[in-house]
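Both ligands and their constituent atoms are indexed starting at 1 by order of listing. Note that the coordinates shown come from a computational prediction; the quantities given were computed from them, not determined experimentally. The residues of the chain are indexed from 1 along the displayed sequence.
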Amino acid sequence: VRTIDWCGDHIVIIDQTRLPDELTLLELRTVDELIAAIQRLAVRGAPALGVAGALGVALADKAGTADADAPRIKRARPTAVNLAWAVDQTMAAADRETRAKEILEADARTNRQVSERGADLVRRLTGKQRVRVLTHCNAGALACVEWGTALGVVRALHERDGVEEVFVDETRPLLQGSRLTAWELDRMGVRFRVVVDGAGPTVIARGMVDVVIVGADRIAANGDVANKIGTYPLALAAHRHGIPFVVAAPESTLDPETATGADIPVEERSGAEVVQRWDAFNPAFDVTPADLVTAVVTEAR
Ligand code: MRU
């Protein structure tokens with residue numbers, strides 16, 4: 001089952017809010033339904049958000065409301081540049097539905113290339129045939145049309161019998177790690193253990209992993225990387241303990257228009273996701289400075 005797909009006149013997604021308990025499909029027939037699904041993270045992850053944006057324009061185009069709806073779709077979530085990129089690409093096309101479907105199919109292809117290239121890179125950087133990996137959030141098939149980026153690298157390594165174990169950060173507050181990444185690894189048959197976010201740097205310090213592999217929501221022109229809140233401490237720990245910190249992402253996540261990480265808009269979500277009773281500050285992403293990133297691997301570089 002694809003995470004997101006087009007069915008001629010509507011969008012179908014896996015409702016990620018229901019995983020890992022239920023694998024439920026959701027039909028989105030209006031732009032309002034799509035925006036609501038994006039905002040409550042029923043569909044999420046930068047590449048999947050890009051495809052959602054493209055298909056959202058196709059949906060709006062059929063209703064004759066594309067000009068009014070495109071800016072609303074772009075604003076649904078601010079940090080993943082793939083969303084705005086795909087809306088702009090689709091709006092500019094003569095045949096918007098065809099362009100949206102191209103973006104959908106390209107995502108599936110691209111992520112396989114990212115994954116194979118990433119697997120080669122990880123073997124080169126670690127010098128190991130079987131690696132122990134730490135990952136954060138979910139950059140798997142559920143974050144894309146299929147296959148995945150950071151978790152796609154794990155999958156490609158696994159196909160070469162190259163994974164010893166994966167440590168999965170829980171990823172507070174919405175648990176993309178313990179709900180989604182763990183579910184995917186379980187289905188893949190990869191050995192894994194879930195850790196609380198605060199344990200990630202300790203796992204690195206104790207020498208329990210060979211490499212950190214994460215995805216990205218936006219990579220600024222200077223190489224700073226925005227990804228799920230809690231990524232930056234892993235990069236600091238990887239640097240301190242001398243293991244590679246690898247970012248796997250499609251080229252559509254690179255944003256030459258945004259100069260540095262300081263210019264990346266970081267989404268702030270409701271405090272109610274963190275606590276019921278007190279005020280909370282709930283930034284959804286952080287920015288890892290370029291000098292802490294060992295390598296960014298895409299389908300092309
Ligand atoms: O808030 P989310 O779940 O959309 O955040 C997702 C991430 O931070 C992913 O790591 C990123 O989008 C890359 S997905 C291939």
Side-chain angles (χ1 to χ4, degrees), residues 3-4 13-17 19 37-53 76-86 107-108 110-115 118 133-156 168-184 197 200 212-219 225-235 245-255 261 264-270 273-274 282-288 293 296-299:
T3 299
I4 179 163
I13 60 165
I14 293 176
D15 183 349
Q16 299 193 36
T17 63
L19 286 170
I38 290 174
Q39 291 181 336
R40 66 186 185 88
L41 272 55
V43 58
R44 46 146 300 278
L49 288 172
V51 172
R77 290 191 77 193
T79 305
V81 71
N82 308 58
L83 177 58
W85 172 86
D107 186 76
T110 300
N111 294 322
R112 275 173 205 248
Q113 290 165 354
V114 171
S115 302
V133 176
L134 174 62
T135 192
H136 188 68
C137 196
N138 173 269
L142 290 168
C144 308
V145 172
E146 53 188 33
W147 199 258
T149 58
L151 214 58
V153 174
V154 170
R155 181 184 286 254
V168 178
D169 262 5
E170 184 181 34
T171 317
R172 283 277 297 153
L174 297 178
L175 306 179
Q176 288 92 331
S178 60
R179 287 191 305 112
L180 308 178
T181 297
W183 183 77
E184 287 197 42
D197 297 334
V212 178
I213 314 175
V214 294
D217 280 79
R218 189 187 296 237
I219 302 175
V225 173
N227 192 49
K228 179 55 56 197
I229 191 79
T231 301
Y232 176 40
L234 300 178
F245 180 86
V246 174
V247 177
E251 292 269 319
S252 53
T253 301
L254 303 176
D255 181 12
I264 296 176
V266 171
E267 176 184 17
E268 282 179 31
R269 296 185 58 85
S270 163
E273 289 179 350
V274 182
N282 185 16
F285 299 93
D286 61 23
V287 176
T288 298
V293 177
V296 172
V297 60
T298 74
E299 67 274 30

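Salt bridge D217/R44: absent, no basic N to carboxylate O contact under 4.0 Å. With respect to R172 and E170, no salt bridge is recorded, no charged nitrogen being found less than 4.0 Å from a carboxylate O. A salt bridge is defined here as a Lys NZ or Arg NE, NH1 or NH2 lying under 4.0 Å from an Asp or Glu carboxylate O, and D255 with R218 meets this definition.
Looking at N82, its side chain never comes within 3.5 Å of a backbone N or O of L49 through a donor-acceptor pair. A donor-acceptor pair under 3.5 Å is formed between the side chain of Q39 and the backbone N or O of A76. Between the side chain of E273 and the backbone N or O of L174 there is no donor-acceptor pair closer than 3.5 Å. Here the side chain of T17 pairs no donor or acceptor atom with the backbone of A42 at under 3.5 angstrom.
The shell of residues lying under 4.0 angstrom from ligand 1, judged by heavy atoms, includes C137. Residue contact annotation: A216 has a non-hydrogen atom under 4.0 Å from ligand 1.
Residues G215 and V247 approach most closely at O-CG1, 4.0 Å, considering heavy atoms.
Nearest protein neighbour of atom 4 (O) of ligand 1, counting heavy atoms only, is R77 NH1, 2.8 Å. If you check which protein heavy atom lies closest to atom 10 (O) of ligand 1, you get N227 OD1, 2.6 Å. Considering only non-hydrogen protein atoms, atom 15 (C) of ligand 1 sits nearest to T149 OG1, 3.0 Å. Shortest contact from atom 3 (O) of ligand 1 to any protein heavy atom: R44 NE, 2.5 Å. Annotation: atom 11 (C) of ligand 1 to nearest protein heavy atom, D217 OD1, 3.1 Å.
Atoms of ligand 1 lying under 4.0 Å from any heavy atom of P47, numbered from 1 in the order shown and given with element: 14 (S), 15 (C). Under a 4.0 Å criterion applied to the non-hydrogen atoms of A46, ligand 1 contributes the atoms 12 (O), 14 (S). Residue contact check: A139 has heavy atoms under 4.0 Å from atoms 14 (S), 15 (C) of ligand 1. Atoms of ligand 1 found under 4.0 Å from any heavy atom of F285, numbered from 1 in the order shown, are 1 (O), 5 (O), 8 (O). Less than 4.0 angstrom separates some heavy atom of Q176 from each of these atoms of ligand 1: 1 (O), 2 (P), 3 (O).
Any N or O atom pair closer than 3.5 Å counts here, and L41 shares no such pair with ligand 1. When only interatomic distances are considered, the shortest N/O to N/O separation between A143 and ligand 1 does not fall below 3.5 Å.
Evaluated by nearest non-hydrogen atom to atom 1 (O) of ligand 1, the leading choice among K228, H136, R218 is K228.
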Fill in: CA sep, side-chain torsions, deciding dist, call: Q16, T3, side chain to side chain contact (heavy atoms under 4.5 Å, CB included)
CA-CA 9 Å; Q16 299 193 36; T3 299; 3.5 Å; yes

- Report the C-alpha separation of T231 and F285 in whole Å, then their side-chain angles, then the decisive distance to 0.1 Å, and conclude whether the side chain to side chain contact (heavy atoms under 4.5 Å, CB included) test is met. CA-CA 8 Å; T231 301; F285 299 93; over 6 Å; no

